[in-house]
Protein chains: 2
Amino acid sequence: MTPPDLSQAEPRMPLTRERILHAGLELVDLHGLEALSMRRVGQALGVEAMSLYKYVKDKSDLIDGLIDLVIAEIDIPHDANDWKDAMRQRAISAHQVLLRHRWACPLMGSRVNIGPAMLGYIDDTFAWLRQGGFTVEQTLDAWHALDGHIFGFTLQQLNLPFAPEDAAQMAVAGIALIPADRYPYFHAVVSTIAQMGGRVERFEFGLDLLLKGLERLLTTSGSSHD
Amino acid sequence: MTPPDLSQAEPRMPLTRERILHAGLELVDLHGLEALSMRRVGQALGVEAMSLYKYVKDKSDLIDGLIDLVIAEIDIPHDANDWKDAMRQRAISAHQVLLRHRWACPLMGSRVNIGPAMLGYIDDTFAWLRQGGFTVEQTLDAWHALDGHIFGFTLQQLNLPFAPEDAAQMAVAGIALIPADRYPYFHAVVSTIAQMGGRVERFEFGLDLLLKGLERLLTTSGSSHD
DNA sequence: TTGACAAGCTTACAGTGTAAGTCTAGGCTT
DNA sequence: AAGCCTAGACTTACACTGTAAGCTTGTCAA
């Protein structure tokens, strides 16, 4: 008797860490982080949950792997003119990647265990900043501020109901939650936005504020090289 | 027979949403978010898990409550001179609060369901910015950038092993993970920091970059009032 | 043919959130 | 005072989680 397609997705290949990670990524992208369970990942591969543990130490190890997959999607620009250009491209790419993988944002900055993609990402950042003339301290400050903006801004953006597609229900349900007498400014601002038919969040607003500030820092304090 | 102290903490009072939230907050502050379970919160109050559901819709509702408790700790300055001063004070207070409640940061921006403290926090922010002369759009941009920095920066800070107390082990274990040939800049930067005995992250670096940028935005584009 | 070994499977356990139903003590009406 | 109601806490149960421990089976080398 021929077993007629164990599950559905992949027919039957040798299990690999890579295959596990890709199955996990698809699951998480489609159904969110809370849907990620060892049993479900196994199911997607036509395999029992415990079989995964040959290739993955932990669930936490799996998640670390997923995060590194996401980071690897961030474009590291080698054609940039200067550090500012490079940091800008990198930030925008990271932002887009994080919007694609909505689940990743809260985990991103909050993981100590960094994979090879993350290492490369950071090294490239440091390279641009150091060669741009920033001291070691300034480099860390700049990196931290920029990445903070990337993660923090995107984290908010993913959960604020200000997007144009939410405008209609924001105008009704959202505003009802904000009594005008108690929270006049909040009420007014949200009303205005709802009238305007929602609003696309502008990631580059804060990004350019930071980049311009960094540029100014570099020109005023001329001392570079450590 | 006198029942000798059901659990330990509170002797026996009528259960309240407030008591539940405070027990939950203590649990989470002490043992982290993953230690938060309905059964354990109940235990801390000398009560069965299911009894909590009279005062709390969900575990998610409980967490929303905890977050609002945290937000309520943020000082909203009414003695500030101008919007810049107010935003600065507010950001620094928020940063300190988030460092006190390490578990809160990843959840903070990523919750749609906002409580009364959050509403007040946002309203106050909008009030300062609008009265400072920012348009509605600019107000949202500014708020988003500032809060993005607060959450994003703190999120990273909480998990980077660059703190002075980690300096020793960073110098050994950390650097070993960063091969100098593959990641030269990363390696160099971390070595330098380790030699310097660690480093206190400077939240106000990025904050002041943003504030100065916002100030400049305000003076160059003179048109205010919508 | 035999043995070893690795890849995947099975079972089991302690823990989770929570739906559904049950008890019980206090206060109300009569 | 008697009876009932009900709010607040408890009990049971279910489907699900991560993962420790051990088992089966297919493949290849000696």
Side-chain angles (χ1 to χ4, degrees), chain A residues 1-25 27-28 30-67 103 106-107 111 113, chain B residues 1-25 27-28 30-67 103 106-107 111 113:
Chain A
M1 43 180 168
T2 50
D5 266 47
L6 285 180
S7 82
Q8 61 248 36
E10 344 266 325
R12 188 61 125 141
M13 307 159 59
L15 211 46
T16 329
R17 181 172 229 268
E18 221 196 344
R19 284 189 67 221
I20 294 177
L21 291 183
H22 278 84
L25 187 61
L27 211 165
V28 167
L30 247 55
H31 302 105
L33 188 63
E34 72 285 354
L36 182 76
S37 82
M38 302 305 271
R39 284 170 172 84
R40 256 199 279 259
V41 173
Q43 207 171 5
L45 294 164
V47 137
E48 277 332 287
M50 288 310 290
S51 305
L52 306 177
Y53 283 82
K54 283 262 146 155
Y55 307 91
V56 144
K57 183 185 171 302
D58 256 337
K59 183 179 184 181
S60 147
D61 182 33
L62 199 169
I63 294 180
D64 283 342
L66 296 184
I67 288 180
W103 54 273
L107 300 174
R111 296 245 131 193
N113 215 348
Chain B
M1 43 178 168
T2 49
D5 267 45
L6 285 180
S7 83
Q8 61 250 34
E10 343 267 325
R12 188 60 125 141
M13 306 159 60
L15 211 46
T16 328
R17 181 172 229 268
E18 221 198 342
R19 285 189 67 220
I20 294 177
L21 290 182
H22 277 85
L25 187 61
L27 210 165
V28 167
L30 246 56
H31 303 105
L33 188 62
E34 71 286 353
L36 182 75
S37 82
M38 302 306 271
R39 285 169 170 84
R40 256 199 279 258
V41 173
Q43 207 171 7
L45 295 164
V47 138
E48 275 335 284
M50 289 311 289
S51 306
L52 306 178
Y53 283 82
K54 284 261 147 156
Y55 307 92
V56 145
K57 183 187 171 298
D58 258 336
K59 184 179 184 182
S60 147
D61 182 33
L62 198 169
I63 294 180
D64 284 341
L66 296 184
I67 288 180
W103 53 273
L107 300 175
R111 296 246 132 191
N113 216 347

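Side-chain atoms are counted along with the backbone in the values below, which use heavy atoms only and exclude waters and symmetry mates. This is a predicted model, so every value here is computed, not measured. By convention in this document, chain letters (A, B, ...) are assigned in the order of the sequence lines, proteins followed by strands, and residues within each chain are numbered from 1.
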Starting from [atom2] on [N], measure out to [atom1] on [X] and report it in whole angstrom.
| X | N | atom1 | atom2 | result |
| --- | --- | --- | --- | --- |
| L52(A) | dC9(C) | CG | C1' | 12 Å |
| E48(A) | dT24(D) | CD | P | 16 Å |
| K57(B) | dA19(C) | NZ | C1' | 12 Å |
| I63(A) | dG18(D) | CD1 | C1' | 11 Å |
| R17(B) | dG8(D) | CZ | P | 15 Å |
| D61(A) | dT19(D) | CG | C1' | 14 Å |
| R19(A) | dG8(C) | CZ | C1' | 13 Å |
| M50(A) | dG8(C) | CE | C1' | 11 Å |

Is [Y] close to [X] at the side-chain level, that is, under 4.5 Å between some pair of heavy atoms?
| X | Y | result |
| --- | --- | --- |
| L15(A) | K54(A) | no |
| Y55(B) | E18(B) | no |
| L62(B) | K57(B) | no |

Closest heavy-atom pair, L36(B) versus V41(B), reported as atoms and distance to 0.1 Å, is CD1-CG2, 3.6 Å

Can any side-chain N or O of R40(B) pair as donor or acceptor with the backbone N or O of A35(B) at less than 3.5 Å?
-> yes

With a 4.0 Å limit, can you tell me whether S51(A) has a side-chain N or O closer than that to the phosphate oxygens OP1/OP2 of dA7(C)? no

Q) Looking only at side-chain N and O atoms, does Y53(B) come under 4.0 Å of OP1 or OP2 in dA9(D)? A) no

Scan nucleotides 15-17 of chain D against the protein and return all N/O pairs shorter than 3.5 Å with their distances rounded to 0.1 Å.
{"unit_1": "dT17(D)", "atom_1": "OP1", "unit_2": "S37(A)", "atom_2": "OG", "d": "3.0"}
{"unit_1": "dT17(D)", "atom_1": "OP1", "unit_2": "R40(A)", "atom_2": "NH2", "d": "3.4"}

Discussion item. Assess whether a salt bridge exists between R17(B) and D61(B), defined as any Lys/Arg side-chain N lying under 4.0 Å from an Asp/Glu carboxylate O.
Written reply: yes

